[in-house]
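Proteins get letters first, then strands, A, B, ... in listed order; numbering begins at 1 in each.
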Protein chains: 2
Amino acid sequence: MLRMSPGSKKGESRAAASPGGILPLDTIFEGDCIAALARLPAQSVDLVFADPPYNLQLGGDLQRPDNSMVDAVDDDWDKFASLRHYDDFTNAWLAAVKRVMKPDATLWVIGSYHNIFRVGASLQDLGFWILNDIVWRKSNPMPNFRGKRFTNAHETLIWASRDQGSRYTFNYEALKAGNEDVQMRSDWLIPLCTGAERLKGDDGRKAHPTQKPETLLARILLAASRPGDVVLDPFFGSGTTGAVAKKLGRHFVGIERDPDYIAYARERIALAEPVDDAAMLAPAEKRSEPRIPFATVIERQLLQPGAILTDTNGRHEARVRVDGSIMLGDIVGSIHKIGALAQGLPACNGWTFWHYREDGKLRLIDEFRTVLRKELAAAG
Amino acid sequence: MLRMSPGSKKGESRAAASPGGILPLDTIFEGDCIAALARLPAQSVDLVFADPPYNLQLGGDLQRPDNSMVDAVDDDWDKFASLRHYDDFTNAWLAAVKRVMKPDATLWVIGSYHNIFRVGASLQDLGFWILNDIVWRKSNPMPNFRGKRFTNAHETLIWASRDQGSRYTFNYEALKAGNEDVQMRSDWLIPLCTGAERLKGDDGRKAHPTQKPETLLARILLAASRPGDVVLDPFFGSGTTGAVAKKLGRHFVGIERDPDYIAYARERIALAEPVDDAAMLAPAEKRSEPRIPFATVIERQLLQPGAILTDTNGRHEARVRVDGSIMLGDIVGSIHKIGALAQGLPACNGWTFWHYREDGKLRLIDEFRTVLRKELAAAG
DNA sequence: GGCACGATTGAATCCATTG
DNA sequence: ACAATGGATTCAATCGTGC
């Protein structure tokens with residue numbers, strides 16, 4: 001039986017239409033993840049964050065797709081059986097998630113060396129297309145007490161699109177602006193979830209064993225979703241995904257089978273304060289300028305047919321034709337094509353290559369484009 | 001047909017007895033890796049380093065922003081018909097390697113997200129026991145030219161013992177002593193192999209497309225082998241493993257298919273001198289302060305979205321956005337770009353320009369950077 | 001010689017729009 | 001559906017050249 005739980009104490013529950021039906025938003029579903037996913041409408045979510053269990057050989061709590069338990073194991077035969085069961089489980093939830101994803105949605109999965117190779121191989125087998133693997137470097141990892149291995153100071157995330165060639169959301173400019181104006185790398189330094197952020201029970205002990213830091217989820221949501229998007233977390237746990245989604249103006253859908261965790265999550269999400277100023281929320285984007293045909297420069301008589309274009313050094317000379325093409329020797333083509341040809345390069349932006357001479361000075365033809373764009377903007 | 005080639009020009013060839021026969025040392029075998037492995041004695045090597053093809057599956061050409069071409073890895077040895085074929089290949093060489101390993105030997109494999117999940121799953125299936133996954137963070141990776149993904153700034157290594165419960169070599173104290181007396185972590189910052197270390201052909205072009213830095217191999221050998229141990233590299237390439245083994249007083253056994261690579265490797269190894277001080281092979285330490293993204297200040301909630309930043313005089317007011325960009329009027333950008341814009345300067349250090357108000361006093365946002373640097377310093 | 005500046009390069013699954 | 005084409009997009013480090 002599937003129960004629906006509003007994400008906030010107010011009990012407000014929004015919903016979004018999708019090809020497969022109606023998806024309740026900002027809601028936590030209580031129950032088995034695969035069964036619950038099967039009841040969600042197809043192609044209804046924009047982003048998935050999954051923090052699946054990875055108790056491979058730890059025994060006791062590994063769940064088969066049919067919800068039966070795998071016994072604790074320590075001999076080889078059982079170890080292989082356990083790996084296979086884990087793979088079955090992984091394949092099942094990944095396939096179920098894939099069905100629920102919009103065509104351009106992306107998936108994030110976090111794991112450690114115990115399980116991430118199983119997960120990665122499974123998702124490749126299912127046709128997901130890996131975009132990056134991301135390393136969460138922990139600034140304050142637990143040391144290796146016995147001195148028998150390297151300090152396990154990181155976890156791995158896989159970022160994948162539903163299919164090869166999909167047009168996924170990636171807020172490149174926003175990430176770059178917040179990162180000292182250099183593009184964001186695949187290794188992220190983020191502290192563990194500790195202190196006040198770490199949820200504690202009445203007994204003062206941690207409420208959830210693997211609560212993820214909000215910083216981590218914030219970066220994921222800011223990188224790969226837009227305000228108003230729907231973020232699905234099929235292993236909702238203590239609700240970090242929901243809390244961050246609410247703060248950042250995204251919708252969430254959570255699935256969790258433990259009612260205690262759901263209680264913690266609900267309380268926590270109710271307390272989360274959304275950023276209310278939309279201007280603070282919309283991702284920084286380089287606004288795409290309208291495309292200006294070079295022919296317009298001629299039509300508007302900013303350049304005359306027959307005018308000479310050269311590169312910076314004057315090594316190449318081309319002549320402007322009435323139709324906006326240019327001629328180098330007896331070869332005719334666009335400013336881009338001829339620019340590429342002149343340099344022997346596979347491509348070229350002609351606007352930023354060709355110059356014209358005015359009052360004895362060389363000026364870039366891109367100045368014309370700037371002028372025309374300003375005019376266009378003024379005209380609305 | 002299998003040919004045997006001495007590793008040095010002197011042609012000296014040592015050998016070690018093992019349960020399965022005699023293993024020639026400091027030798028490069030020319031031929032297919034799986035066939036060659038089948039002829040080596042069982043249980044004869046102490047350490048394996050493997051740098052298998054990554055199965056990159058590149059699409060078309062990639063151009064840099066200056067329209068020059070990226071020199072892609074398009075070699076035949078990296079072409080596989082399908083994931084299934086790649087898995088078959090992986091299973092075959094891993095099984096062959098396992099047979100040759102002594103019971104307490106360990107295996108290192110390096111890869112990227114294209115192949116590492118296949119490799120990890122395969123070696124788990126074969127009964128290897130993963131000890132760590134290690135992240136090689138590149139200090140100077142190739143950027144993402146189109147701004148479509150995160151900079152792919154790392155590769156992954158898996159360190160595994162032959163069997164669960166084996167008594168492998170791990171030089172814990174030595175690593176700790178060489179790491180400012182803190183445990184060596186699972187994330188290693190090491191530059192790409194460039195400059196004088198990078199082997200070049202007579203034409204001045206790189207001799208091998210994926211030559212690994214000696215620093216990386218040095219750390220592996222120092223961590224997981226002892227002087228006199230035998231290190232096997234089944235994808236020997238340009239011989240980095242052999243050169244480092246010789247420098248560090250380990251023996252090597254290499255397998256390589258391409259006679260050109262073998263020629264480079266042999267010459268290189270002949271020139272390698274055993275070192276007295278292993279620290280010579282440590283990476284040059286970085287002394288510069290780590291770069292702190294302004295987005296971290298928001299992620300860590302040191303400032304809230306919507307907070308007001310001003311200059312000293314309060315002439316300019318900008319507002320902080322969730323993604324770590326700031327907004328002046330309706331213009332969005334980094335603290336640096338907007339700081340420059342506000343002053344009409346070509347550049348500006350936003351950290352030392354913008355202030356926030358706390359308890360009625362103006363404080364420089366650079367104070368946040370100081371705090372974060374202290375907190376994150378330990379992790380580099 | 002030393003410094004400034006430009007050219008080059010590294011395992012890469014790297015476009016969007018129009019016709 | 002595919003094909004053609006306009007034109008947007010990069011970080012750290014090394015090495016060579018010129019003053």
Whole-Å distance between [N] [atom2] and [X] [atom1]?
| X | N | atom1 | atom2 | value |
| --- | --- | --- | --- | --- |
| Asp75(B) | dA11(C) | CG | P | 12 Å |
| Lys286(A) | dG7(D) | NZ | P | 16 Å |
| Gln63(B) | dG6(D) | CD | P | 14 Å |

| Which residue, Ile292(A) or Gln183(A), contacts DNA chain D at a nucleotide closer to its 5' end, judged by nearest heavy atom? |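 The 5'-side residue here is Ile292(A).
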
| request: Would you mind telling me which residue lines up with the more 5' stretch of DNA chain D, Ala196(B) or Arg146(B), judged by nearest nucleotide? | output: Arg146(B)

Within the structure shown, what part of the strands sits under 4.0 Å from [X] by heavy-atom distance: base, sugar-phosphate, or nothing?
| X | result |
| --- | --- |
| Trp136(B) | nothing |
| Ile335(A) | nothing |
| Thr210(B) | base |
| Asn115(B) | nothing |
| Gly237(B) | nothing |
| Asn67(B) | base |

| task | Using the P atom as the reference point in each nucleotide, state the distance between dG1(C) and dG16(D) in Å, no decimals. | result |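 Here dG1(C) and dG16(D) have their P atoms 15 Å from each other.
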
| message | Say we look at dT10(D) and dG10(C): how far apart would their C1' atoms be, to the nearest angstrom? | response | 12 Å

| request: Please find out if less than 6.0 Å separates the ring center of Trp108(A) from that of Trp159(A). | output: yes

| field | Syn-anti status, with the boundary at 90° from 0, for the nucleotide dT13(C) | value | syn

Between [N] and [X], is there an OP1 or OP2 to side-chain N/O distance shorter than 4.0 Å?
| X | N | result |
| --- | --- | --- |
| Arg369(A) | dA8(D) | yes |
| Arg198(B) | dA11(C) | yes |
| Lys148(B) | dT13(C) | no |

| query | Under a 4.5 Å cut-off applied to non-hydrogen side-chain atoms, are Trp77(B) and Pro209(B) in contact? | reply |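 Trp77(B) vs Pro209(B): side chains touch.
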
For [N], which nucleotide in any strand shown is its Watson-Crick or wobble partner with both distances under 3.5 Å?
| N | result |
| --- | --- |
| dG6(C) | dC15(D) |
| dG19(C) | dC2(D) |
| dC14(C) | none |

What nucleotide among [options] has an atom nearest to a side-chain atom of [X]?
| X | options | value |
| --- | --- | --- |
| Arg64(B) | dA16(C), dT9(C), dA11(C) | dT9(C) |
| Asn140(B) | dT5(D), dG7(D), dA12(D) | dA12(D) |
| Arg167(A) | dA16(C), dT9(D), dC11(D) | dA16(C) |
| Asn152(B) | dT10(D), dA12(C), dA16(C) | dA12(C) |
| Leu192(B) | dT17(C), dC11(D), dA11(C) | dA11(C) |
| Lys138(B) | dA11(C), dT14(D), dA12(C) | dA11(C) |
| Ser139(B) | dA8(D), dA13(D), dG10(C) | dA13(D) |
| His336(A) | dA11(C), dG10(C), dG7(D) | dG7(D) |
| Lys212(B) | dT13(C), dT9(D), dA11(C) | dA11(C) |
| Arg291(A) | dT13(C), dC11(D), dT17(C) | dT17(C) |

| Interatomic distance, Leu189(A) atom CG to Arg137(A) atom CZ [nearest 0.5 angstrom] |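 It comes to 5.0 Å.
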
| message | Tell me whether the side-chain N or O atoms of Arg149(B) pair up with the base of dT13(C) as donor and acceptor below 3.5 Å, since no angle test is needed here. | response | yes

Classify the side-chain pair [X]/[Y] by whether it contains a donor and acceptor separated by less than 3.5 Å.
| X | Y | result |
| --- | --- | --- |
| His336(A) | Ser334(A) | no |
| Arg369(A) | Thr296(A) | no |
| Thr352(A) | Asp366(A) | no |
| His154(A) | Asp187(A) | no |

